[in-house]
A.B. asks: 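The structure under discussion is supplied below as structure tokens; questions concerning it will follow.
Quick note on labels: first sequence line is chain A, next is B, and so on, each numbered from 1.
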Amino acid sequence: MEFNSLIFLLSFPFIAVIYYLLPGKWKTFWIFAASCAFYMCWNYKYIFLLLGVTSLTYFSGILMDRCRERKTKKYILVFCIICSVVILFLFKYFDMFIGTAAALGNLAGLQIRRVSLDLLLPVGISFYVFQTLGYVIDVYRGDVKAEKNFVDYGAFVTFFPQLVAGPIERSKNLLRQMKKKHELNPEYCVIGFSRMLWGYFQKVVIADRIAVIVTSVYDDYQSFSGVYIMLATVLFAFQIYCDFDGYTNIAIGTAKILGFDLMTNFNAPYLSRSVAGFWRRWHISLSAWFRDYLYIPLGGNRCGEAKKYRNLLITFLISGLWHGANWTYVVWGGLHGIYQVAESFIRKRSRKEKKEEGAVSRALQWLGTFAAVDFAWLFFRAGSMEDACGMIGRIFGKFGIQDLLNRDMAVAMGLGISNIAVLAVALIILVFSDLIKEKTDVYKKIWEMPMGWRWLVLYMAIFVILIFGYYGPEYDAAQFIYFQF
Amino acid sequence: MSIGKWEKKIFIVRTLLFFCGFIFLFFIVNRIFLYKDNNFYNYINYMQQQGNSVDVLVMGSSHSIDAVDSLELGAVLEEEYGIRAGVFNMSITGMRIEQIAYRLQEAVKTQKPRLLIVETFSFVPMELSNEEMVRRYAADYMPLSLEKVGYIRNRIGEGAESFYVPFIKYHTRWEELGKDDFRSLSKKWLKDISSPYGVTVGAKPEYEGERDDYFQQDFTSISECREISDEQKEDVEAILETAKKNQMKVLFLSVPYKKQMDVPSTELIKYNNYIREMYVDDENVFLLDMNLLMNGLGWGYEYMQDDGHVNDAGRKEVMDCLAKYIGTSLGEEWF
């Protein structure tokens with residue numbers, strides 16, 4: 001079930017009303033049941049996988065809690081991690097690695113038959129596997145007590161607002177909230193609803209509209225000059241931000257209406273002036289997960305320069321792989337690792353020289369960061385390494401700035417002038433929102449408004465989303481215009 | 001932070017009011033954001049006619065849009081046959097018999113016509129690439145009623161929700177929005193709309209010099225019947241039932257043409273033969289197949305704007321013929 005589906009929009013109010021009508025002890029059970037139903041809407045069979053991972057980590061936590069010996073605890077932890085990683089590998093990476101091994105074998109002259117499991121990727125598997133792994137590691141470290149109540153733990157793992165796309169919650173935050181008494185709170189409801197609306201705006205007005213351009217260009221890049229590929233890549237940066245942040249905002253808003261506080265996942269990432277800064281603002285829950293459970297255990301930055309760089313590269317390569325089973329994601333992660341190593345060098349040098357940073361310098365830093373991040377997005381979005389290299393070749397070899405005036409190419413991007421105008425205005429609103437978000441809590445401000453004004457703002461937001469949203473090409477209006485009978 | 005029971009109740013009431021406000025606004029927006037073209041104006045115009053002012057109601061496809069001018073037919077009937085009748089042509093582009101059946105149920109709510117003219121090209125089954133649009137012409141402007149719900153439930157499968165709320169589909173039309181799209185359906189505006197259909201005078205250049213041999217053939221020898229589908233039979237029966245209830249006579253009409261969407265007039269004649277055999281009783285249900293009269297009328301390309309539709313001259317011929325049929329065949333006591 002997707003957040004922008006009619007079934008979600010109709011079922012969420014029902015879930016929320018029942019949730020608040022139920023007595024305290026049944027509330028968590030209701031959340032657990034609703035979350036399982038939410039997940040089963042995609043593929044009911046995979047609920048067993050989700051419940052399997054939940055049970056594995058639940059019992060591992062309890063066993064670790066009962067063990068007094070550190071060594072036994074470690075065995076349990078290692079067993080749990082191996083099981084989780086094997087599940088993830090089988091469902092997500094097996095085909096990729098076998099395919100690569102077969103290709104390499106064929107290059108070396110060996111006849112390797114390619115085996116494929118052809119398993120349907122379970123939605124959100126990377127998210128819930130990481131969330132549960134975080135929990136067992138926390139229990140092992142003694143940071144949290146093992147959860148005894150399976151329903152509470154199950155609700156924590158499957159909590160439907162964040163089940164399929166995060167934020168990857170920590171047990172310290174979300175599991176604790178499962179035990180709290182959640183009463184209907186008007187402030188939470190208004191703030192949550194406002195946040196959901198902003199999420200929908202990002203998703204259906206901006207991201208889905210940009211998707212038309214990006215898909216047109218990336219699917220047929222040979223027909224476009226480098227300038228269009230570059231433009232599409234810049235737009236993709238906004239598409240993925242609005243898509244992901246939009247989804248997160250809907251998730252956070254949904255949870256808020258139910259009385260839960262989920263962690264912030266994005267904080268105006270494109271305003272960063274360094275790649276390290278970008279990662280402090282982009283997909284914060286994942287960055288924090290990698291920092292706490294991979295980078296620091298590897299030694300972090302306290303084991304000498306060379307090892308710090310190694311740790312950075314390992315962390316980002318694995319982070320790239322986490323995003324998808326394709327070498328393009330690994331390259332994307334690797335590029336971010338290299339950026340951070342390079343930045344670290346430069347920062348060290350500039351600290352020695354103790355240079356003052358002027359406005360121009362800051363602007364250049366911002367531009368450089370955006371360009372670097374955006375260049376990496378090209379690999380993230382490309383269908384294959386071959387496509388990515390082909391597109392880079394066109395950007396540097398056949399830029400064709402004059403083609404900006406080529407009407408055929410502009411039309412082939414898929415959006416007409418009205419849609420581009422809507423997109424431009426929406427992007428301005430997005431940038432403006434990111435700028436003011438740093439200074440004020442807009443959602444809180446909406447709650448504090450007099451009721452009449454608040455309703456006006458909310459109604460306007462709803463109708464802007466309904467009217468200006470991009471809802472797919474199935475409605476071919478041209479049929480109306482050119483129809484002759 | 002917890003709040004009192006009273007505050008909770010107030011919040012719940014306010015939330016419900018907010019939701020009601022949303023529903024109200026949504027329906028207003030839904031009335032504004034509709035595809036507004038001539039086919040819709042035509043229907044709205046009908047709904048705003050003075051009660052019981054329509055005596056002859058014409059329904060059909062583009063064939064009857066081009067062939068029947070309401071005012072002109074009224075004038076001919078009065079001048080030539082002394083019949084004073086208000087005529088309204090409610091044909092829409094691509095209208096199918098299912099839509100005629102449905103629209104008729106809506107139409108008789110505000111008017112009591114004495115004659116219903118059903119143009120029979122609406123029987124011809126064909127692969128419509130834009131079938132959805134044809135269905136929208138029939139349903140989108142209808143006020144929510146049991147008939148509308150019945151039509152949507154029976155005839156529209158997937159995506160039926162957008163027929164209840166057209167705005168769901170409409171709002172993707174950013175490419176061709178004009179200022180009219182943002183106007184509500186005020187009466188004043190509707191009055192400003194002049195005759196919705198353009199009339200083509202003379203043959204189109206590409207038809208000049210075309211041979212008229214096709215029209216000069218004698219089609220009366222075609223006796224074969226082409227059976228209509230079971231669904232269409234239900235539609236015809238529904239039309240006849242509605243007509244009977246409202247004491248309306250029904251005239252099935254075919255306008256002369258050569259070929260339309262790969263369907264030659266010889267094919268339509270076969271459908272008409274079936275209609276004649278099954279439904280026509282020459283008392284309450286009549287049929288005028290002008291394709292059988294083309295030879296006698298000296299039909300040719302000078303009466304056509306293309307292979308399928310009549311032009312201005314053709315329209316005059318059709319209306320003379322139609323008025324004559326109404327004036328002489330339906331019986332004097334009728335008007």
A.B. asks: For the CG atom of A:L466 and the CZ atom of B:F22, what is their distance to the nearest 0.5 Å?
C.D. replies: 5.5 Å

A.B. asks: Quick one: what part of A:F193 sits under 4.5 Å from any heavy atom of chain B, side chain, backbone, both or neither?
C.D. replies: side chain

A.B. asks: Looking at CE of A:M451 and CD1 of B:I10, how far apart are the two atoms once the value is rounded to the nearest 0.5 Å?
C.D. replies: 10.5 Å

A.B. asks: When you look at NZ of A:K445, are more than 12 heavy atoms from neighbouring residues, nucleotides or ligands closer to it than 6.0 Å?
C.D. replies: no

A.B. asks: Within a strict 4.5 Å, meaning less than it, do heavy atoms of the B:I12 and A:L184 side chains meet?
C.D. replies: yes

A.B. asks: For the residue pair B:F26 and A:Y459, is the inter-centroid distance of their aromatic rings smaller than 6.0 Å?
C.D. replies: no

A.B. asks: Can you establish whether the number of heavy atoms outside B:E267 located under 6.0 Å from its atom CD is more than 12?
C.D. replies: yes

A.B. asks: More than 12 non-hydrogen atoms from neighbouring residues, nucleotides or ligands closer than 6.0 Å to CE on A:M449, yes or no?
C.D. replies: yes

